[in-house]
Structures are given as structure tokens and as C-alpha cells.
Amino acid sequence: MGIKGLTKLLNDEAPGCIKEAELSSYTGRKVAIDASMALYQFIIAIRSGSEGFAAQVLTNEQGEITSHIQGIFNRTIRMLTNGIKPVYVFDGKPPTLKSGELAKRMARRQEAQSKLEAAESVEDKEKYGKRLTRVTRKHSEDAMKLLRLMGVPVVQAPCEAEAQCAELARAGKVWATGTEDMDALCFRTPKLLRRLTFGAANKQPVMEVDYQKAIDGLGLTYEQFVDLCILCGCDYTDTIKGIGPKTALKLVRTHGSIANVVRSLDKKKYQVPAGWIKGSNPAPSAKPDEATEGEDGLEGEGASNKENSEKNESAPPESDEKKKAEDAEKADDA
DNA sequence: ACTCTGAATCAAGACGTA
DNA sequence: CTAATTGATTCAGAGT
DNA sequence: TACGTCC
């Protein structure tokens, strides 16, 4: 996911919604955390060896990676001692809306692999090696086991972890979503915390984004905000050439909705990608309807997309409500 | 001149000790 | 049956 | 704060 340039846009256009604070001001708060992303960062960052050698991940005797264990363990301990109660949320199946983007990533991955085999210098080997890292099912299971043993609540999301985190926050089960990914705002998490980390020499303060102030500052409704994000470019759709954050905001402000924006665009100037689905945004409450404005559309894809976005929307709130409640209670006990 | 986009590139944790 | 991340920064070039 | 270590 990731909305291109959203942080910068919020900073420029809705300054009130971002503030910075010390870690200590969050004691007593429950925070939902996207576990997969954390694991990924740990595996990339926690390495041994230094100058002159390609850095290596930590492993056990069988050669299995243990970097993520170190990372999760330390960070969780730190949170607990600081009075912050984490709830780790693990990814479920990714929506197939993403398949296009995923295919691109696969391609880049393969490229990295072949470059790695051809690489001579240590730097290159390291660079391409990192590009190949990924979080496997096993890494997630390791982390879940560890967290359960530590008495820290774990939630298995039906789909994307970010969406589930936002649901937890909206339901009041947790106070905020702790992530580096601005996508959580599209799922209406009331509060979003970034840089919730604990480096000894803490580099930067925690960054707190307030959802309500964000859309108020931009002067948009929730639907318009989601439309803005789609126009800016997210993982689910291609972008329109020539439209970035600034013009996207202007367009949504003046036309009110993405449908009107597309309708009023000069088609000679701006090429709207084929098969652009107006309603198929990642937001839980967005209506998955309305046909595409694209000319020679690929009907097959459009249909399957629609199907899937509906699954995304209906699954999280209901099927997980009980699990959520149980886990939240556990958090209280601890 | 100025603004914006878009492609490419990079970096990514936390501890204890000196 | 398998996949599975992002944001910040910088710079070139197009558009206004 | 810089640096080596975590497996």
C-alpha cells in the first residue's frame, strides 16, 4: 500500500493533524501493530558482521533465521516496561486487487535474484540480498508463538493487517495503530503512531497523526479522502500520468468525488488507465459499485475485483469481533 | 521562474560497554 | 498451491 | 556517543 506523498501533503495542507510527542506520553495506551511489517524490518536490519563482509542475518544451528525473534522480543519488552500495551496483528490473505502490483514486485524480485548471482562486490551482494528478503509463514508463526508465551495478545487478520488494526482502534479495543504505513488512515484509524521505537539514543520523537484533524484540515469527507488516496496512487490501482498529490487534492476539492474528477478530465491530456474502477477502493465502507470510465476495459478483471473488495469489506468486522474482544481482555489482565 | 510529477535509490533494531 | 513493505530523498524533465 | 554483539 502506501499512499505516495501523503505525509508531505498532510504536512503542507493540514498541518494541525500531525504532532510529535515523547514516548512517555503514551504510557497506559493499547496500540495495534502490524506484525508483518515489523518482522520484515527486523529481518532486514538485525544482522551481524560488518566492514568487508556481506552482513548476515542471525540464525540458529539449523540455519533458520532468528533475527525477527530478537527484534520482537526486545521491542515488546521495551513497550511493556514503558507501559505501552501492544496488540500484534498478523496479515491474512492479501486482496487480489493487488495482483497487478504483486506481479511487478515478483519481476523486480527475480531481477534482484539474477543480479545477486552475478554480483561481484560485497556491497552489491548485500544490496541484492536485502532486496530478496521476505517474511515467510514460518517467521510469522515463530513470532506468534513467542508473543503468546509472553502473554501478549495476537490477532490474525482475515486480510490486511492495516485494516484490522484500524478496526480495532475504531472499536475502541486499542487507542491507536502503530505503523509506518500511512494506509491505516484510509481505514480510518482515529490515531496513527509512527516511529514507536526504542533506540537507546532515540533518534526522533513519536509522530502522531489524528485522522479527524487530517480530513478536516484537508476539507474533505472520508469518501473524498479515499478518492484522493486513489488518485495519488496506491497499491490497488495504476495512477493517472500527470496527476500527483497536489493536483489530486485540487481536483477532489473542486469536483467532489473521483467519479466527477474522471468525468471532467480532459481525456486527451490525461490517460485514464483501462479498467479503472471507481468504487473499488480499499476502504471498508466504500461502495464497491459504479462502472469504469475507461474505454477498452478488461471486463474479467473488473468483475473479480469487485467480488474481492466485497469480501474485504464484510469479513473483518464480524468474523473477528469475538477474537478481538478476547485478546483485548487478555491485554487488560496483563 | 516556478511547481509538480515520476523514476531511481536507499535505509530500515536494540543492547551493553567503553 | 503460492505469494507477502514502505517512506524519504534526490534529481531530471515536463508543464504552467 | 561509538562500536561490537545478538544466533
Side-chain angles (χ1 to χ4, degrees), chain A residues 1-12 34-51 53 55-79 81 90-96 98-110 112 123-124 126-128 130-140 142 157 159-162 179-184 194-204 207 231-235 238-251 266 269-270:
Chain A
M1 322 104 238
I3 311 303
K4 267 182 294 178
L6 184 55
T7 317
K8 197 167 173 300
L9 192 70
L10 287 177
N11 237 329
D12 296 346
D34 177 354
S36 303
M37 184 147 4
L39 291 183
Y40 188 87
Q41 286 170 338
F42 287 138
I43 292 175
I44 279 195
I46 304 182
R47 291 176 180 241
S48 125
S50 44
E51 299 300 314
F53 298 101
Q56 291 227 269
V57 291
L58 309 182
T59 62
N60 64 13
E61 291 169 335
Q62 282 97 52
E64 296 164 326
I65 296 181
T66 55
S67 292
H68 56 304
I69 306 283
Q70 292 284 325
I72 285 275
F73 186 73
N74 282 329
R75 182 175 289 181
T76 306
I77 295 278
R78 276 319 270 258
M79 284 198 203
T81 59
F90 288 82
D91 269 322
K93 294 173 190 171
T96 50
K98 265 176 151 180
S99 56
E101 184 62 26
L102 292 184
K104 281 184 204 161
R105 285 180 191 164
M106 279 298 283
R108 283 186 14 212
R109 211 183 148 67
Q110 304 252 331
E123 294 109 27
D124 280 2
E126 185 166 338
K127 188 165 73 180
Y128 297 125
K130 279 190 179 179
R131 209 168 289 178
L132 282 177
T133 53
R134 85 184 126 177
V135 177
T136 67
R137 175 69 53 88
K138 181 167 190 316
H139 298 150
S140 294
D142 290 344
C159 192
E160 287 191 293
E162 294 296 340
T179 178
E180 305 305 304
D181 183 355
M182 296 299 282
D183 249 25
R194 291 179 96 185
R195 302 189 214 119
L196 199 57
T197 57
F198 301 87
N202 215 345
K203 305 154 211 170
Q204 298 172 94
M207 175 176 150
L231 282 172
C232 288
C234 64
D235 270 9
D238 292 325
T239 58
I240 302 177
K241 283 266 186 235
I243 295 188
K246 302 273 188 186
T247 42
L249 178 58
K250 267 182 223 153
L251 287 172
D266 184 350
K269 221 189 247 177
Y270 296 104

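Naming convention: chains lettered A, B, ... in sequence-line order (proteins, then strands); numbering from 1 in each chain. If you're wondering where the values come from, they're calculated on a predicted model, not measured in any experiment.
- When distances run from any side-chain atom of A:Thr197 to the nucleotides C:dT6, B:dA14, D:dC7, the shortest one goes to B:dA14.
- Look at A:Lys93 and you won't find any side-chain N or O under 4.0 angstrom from OP1 or OP2 of C:dC1.
- Atom CD of A:Glu61 is surrounded by 12 or fewer heavy atoms from other residues, nucleotides or ligands within 6.0 Å.
- Taking atom CD1 on A:Ile3 and atom P on C:dA8, their separation rounds to 12 Å, with Å as the unit.
- Put simply, the side chain of A:Thr179 gets close to the backbone of A:Asp181: a donor and an acceptor are under 3.5 Å apart.
- Look at CD on A:Glu180: it is 9 Å from C1' on C:dT6, rounded to the nearest Å.
- Following rounding to the nearest Å, A:Leu9 (CG) and C:dA8 (C1') show an atom-to-atom distance of 15 Å.
- A:His68 places its NE2 atom 17 Å from the P atom of B:dG13, with the value rounded to the nearest Å.
- Heavy atoms of A:Arg137 sit under 4.0 angstrom from at least one base atom.
- Remark: P of C:dG7 and CG of A:Leu6 are 8 Å apart, rounded to the nearest angstrom.
- Counting only heavy atoms from C-beta on, A:Ile46 has its side chain closest to B:dG13 among B:dC4, B:dA14, B:dG13.
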Quick one, A:Ile77 with A:Phe198, criterion side-chain contact (heavy atoms from CB on, under 4.5 Å). Give me CA distance, side-chain angles, the key distance, then yes/no.
CA-CA 10 Å; A:Ile77 295 278; A:Phe198 301 87; over 6 Å; no
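- In this structure, A:Thr66 contributes its side chain and A:Leu58 its backbone to a donor-acceptor pair below 3.5 Å.
- In the set C:dT5, B:dC4, C:dG7, the nucleotide with an atom closest to the side chain of A:Asp181 is C:dG7.
- Checked against side-chain hydrogen bond (donor to acceptor under 3.5 Å, both in side chains), A:Asp91 has the following partners two or more places apart in sequence or in another chain: A:Ser36.
- Listed nucleotides C:dT5, B:dG13, D:dC7 differ in distance to A:Thr59; the shortest reach to its side chain belongs to D:dC7.
- Taken from OG1 in A:Thr76 to CZ in A:Arg78, the straight-line distance is 12.0 Å, to the nearest 0.5 Å.
- Contact between the side-chain N/O atoms of A:Thr7 and the OP1/OP2 oxygens of C:dA8 is found at a separation under 4.0 Å.
- As a whole-Å value, the separation of A:Lys246 NZ from B:dT3 C1' is 9 Å.
- For A:Arg194, taking side-chain heavy atoms from C-beta onward, the closest of the listed nucleotides B:dC4, C:dG7, B:dG13 is C:dG7.
- Heavy atoms of A:Asp91 sit nowhere under 4.0 angstrom from any nucleic acid atom.
- Side-chain proximity of A:Met182 to B:dC4, C:dG7, C:dT6: nearest is C:dG7.
- Here A:Arg134 reaches the OP1 or OP2 of C:dA4: one of its side-chain N or O atoms lies under 4.0 Å away.
- A:Ser67 contributes no side-chain N or O that, together with a main-chain N or O of A:Val57, makes up a donor-acceptor pair within less than 3.5 Å.
- Rounded to whole angstrom, the span from the CG atom of A:Asn74 across to the C1' atom of B:dG16 amounts to 12 Å.
- Along DNA chain C, the nucleotide nearest A:Ser36 and the nucleotide nearest A:Gly5 are compared for position; the residue whose nucleotide lies closer to the 5' end is A:Ser36.
- The C1' atoms of five pairs define one axis at each end of the helix from B:dA1-C:dT16 to B:dA12-C:dT5, and these two axes lie 10° apart (to 10°).
- With sequence neighbours excluded, the residues forming a salt bridge (Lys or Arg N to Asp or Glu O under 4.0 Å) with A:Lys8 are A:Asp12, listed by chain and number.
- Each of B:dG6, B:dT5, B:dA14 was ranked by its minimum atom distance to the side chain of A:Pro245; first place goes to B:dT5.
- OP1 or OP2 of D:dC6 has not a single side-chain nitrogen or oxygen of A:Ser67 nearer than 4.0 Å.
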Trace of the side-chain contact (heavy atoms from CB on, under 4.5 Å) decision for A:Ile3 with A:Asp183
CA-CA 7 Å; A:Ile3 311 303; A:Asp183 249 25; 3.2 Å; yes
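- Between C:dT9 and B:dG13, the two P atoms lie 15 Å apart (nearest whole Å).
- Among the nucleotides B:dA12, B:dA7, C:dT6, the one closest to the side chain of A:Tyr40 is B:dA12.
- The side chain of A:Gln70 places an N or O atom within less than 4.0 Å of a non-bridging phosphate oxygen (OP1 or OP2) of D:dC7.
- Rounded to whole Å, the distance from CD1 on A:Ile72 to P on D:dC7 is 16 Å.
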